[in-house]
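Just the heavy atoms: all of them, side chains too, but no hydrogens, waters or symmetry mates, feed the values below.
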Amino acid sequence: MKLAHLPLRISIGAFILNSGLSKRTLEGDAVQGVHGMAVGAIPQLGQLEPARFAKLLSYSEIALGAALLAPFVPATLVGLGLTAFGAGLVQLYLKTPGMREAGSVRPTQQGTPLAKDVWLVGAGLTLVLEGLTHGRRHH
């Protein structure tokens, strides 16, 4: 892991790991709510039972957070995972009613917590691009 990646990987990795650990014990209405929001953005997720979806989401966040924190996971690989995860959250933002101002991509007050996830896509793409170009000479 490059020293320059440490702040990005530690801050995002710890946040996502904590989120995944917090979701391990979701039950009842919380499981239904998380699943319902996800299905609204990605209808295919409706094929999963809500409890199973919540567990898979929890495990996925734990794995991604741990990968970001692990120095031996290459920047390109962890960047791809972060980009995909962030893109899913951005899709949730774009497709959930009430998250955006009418006719705009600008967030409403309720949409701001989801809209900020675009930074995860940017961070992921930065890791991917840096990983792909590391060691190449530019003339």
Below 3.5 Å, can you tabulate the donor-acceptor pairs from side chains in residues 66-74 to any protein atom, sequence neighbours excluded?
none

Point-to-point distance, once rounded to the nearest 0.5 Å, from CZ of Arg100 to NZ of Lys95: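 Output value for this atom pair is 10.5 Å.
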To the nearest 0.5 Å, what is the distance between CG (Leu77) and CG (Leu82)?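 Nearest 0.5 Å value for the CG-CG distance: 11.5 Å.
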Result block: side-chain N/O donor-acceptor pairs under 3.5 angstrom for residues 109-122, not counting sequence neighbours:
residue, atom, partner, partner atom, Å
Gln110, OE1, Thr108, OG1, 3.1
Thr112, OG1, Thr108, O, 3.1
Lys116, NZ, Pro113, O, 3.1

Could you list the residues that satisfy side-chain hydrogen bond (donor to acceptor under 3.5 Å, both in side chains) with Lys2, not counting sequence neighbours?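 Counting only residues at least two positions away or on another chain, Lys2 forms a side-chain hydrogen bond (donor to acceptor under 3.5 Å, both in side chains) with Glu130.
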Contacts of Glu49 that satisfy side-chain hydrogen bond (donor to acceptor under 3.5 Å, both in side chains) - sequence neighbours left out: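 Checked Glu49 against side-chain hydrogen bond (donor to acceptor under 3.5 Å, both in side chains); zero matches.
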How about Leu8 and Thr126: do any of their side-chain heavy atoms sit closer than 4.5 Å?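 No, their side chains stay 4.5 Å or more apart.
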Let me check something: do Phe15 and Ile12 share a hydrophobic cluster, defined by ILVMFWY side-chain heavy atoms less than 4.5 Å apart, either directly or through other members?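 No.
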Path from Leu92 to Leu94 over hydrophobic side-chain contacts below 4.5 Å: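 Same cluster.
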Check: residues 29-45 side-chain donor-acceptor pairs under 3.5 Å, at least two apart:
residue, atom, partner, partner atom, Å
His35, NE2, Leu45, O, 3.1
His35, NE2, Leu48, O, 3.0

Quick one: does Ser58's side chain have a donor or acceptor within less than 3.5 Å of a partner on Ala54's backbone?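 Between the backbone of Ala54 and the side chain of Ser58 there is no qualifying donor-acceptor contact (under 3.5 Å).
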In residues 16-23, what donor-acceptor pairs under 3.5 Å come from side-chain atoms, sequence neighbours left out?
residue, atom, partner, partner atom, Å
Ser19, OG, Lys23, NZ, 2.7
Ser19, OG, Glu61, OE1, 2.7
Ser22, OG, Asn18, O, 2.9
Lys23, NZ, Glu61, OE1, 3.2
Lys23, NZ, Glu61, OE2, 3.3

Return the minimal non-hydrogen interatomic distance between His5 and Ala75, and the atom names on each side.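 Shortest heavy-atom separation between His5 and Ala75 comes out as CE1-CB, 3.6 Å.
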Test side-chain contact (heavy atoms from CB on, under 4.5 Å) applied to Leu127 and Thr76, step by step: CA-CA 6 Å; Leu127 289 168; Thr76 305; over 6 Å; no
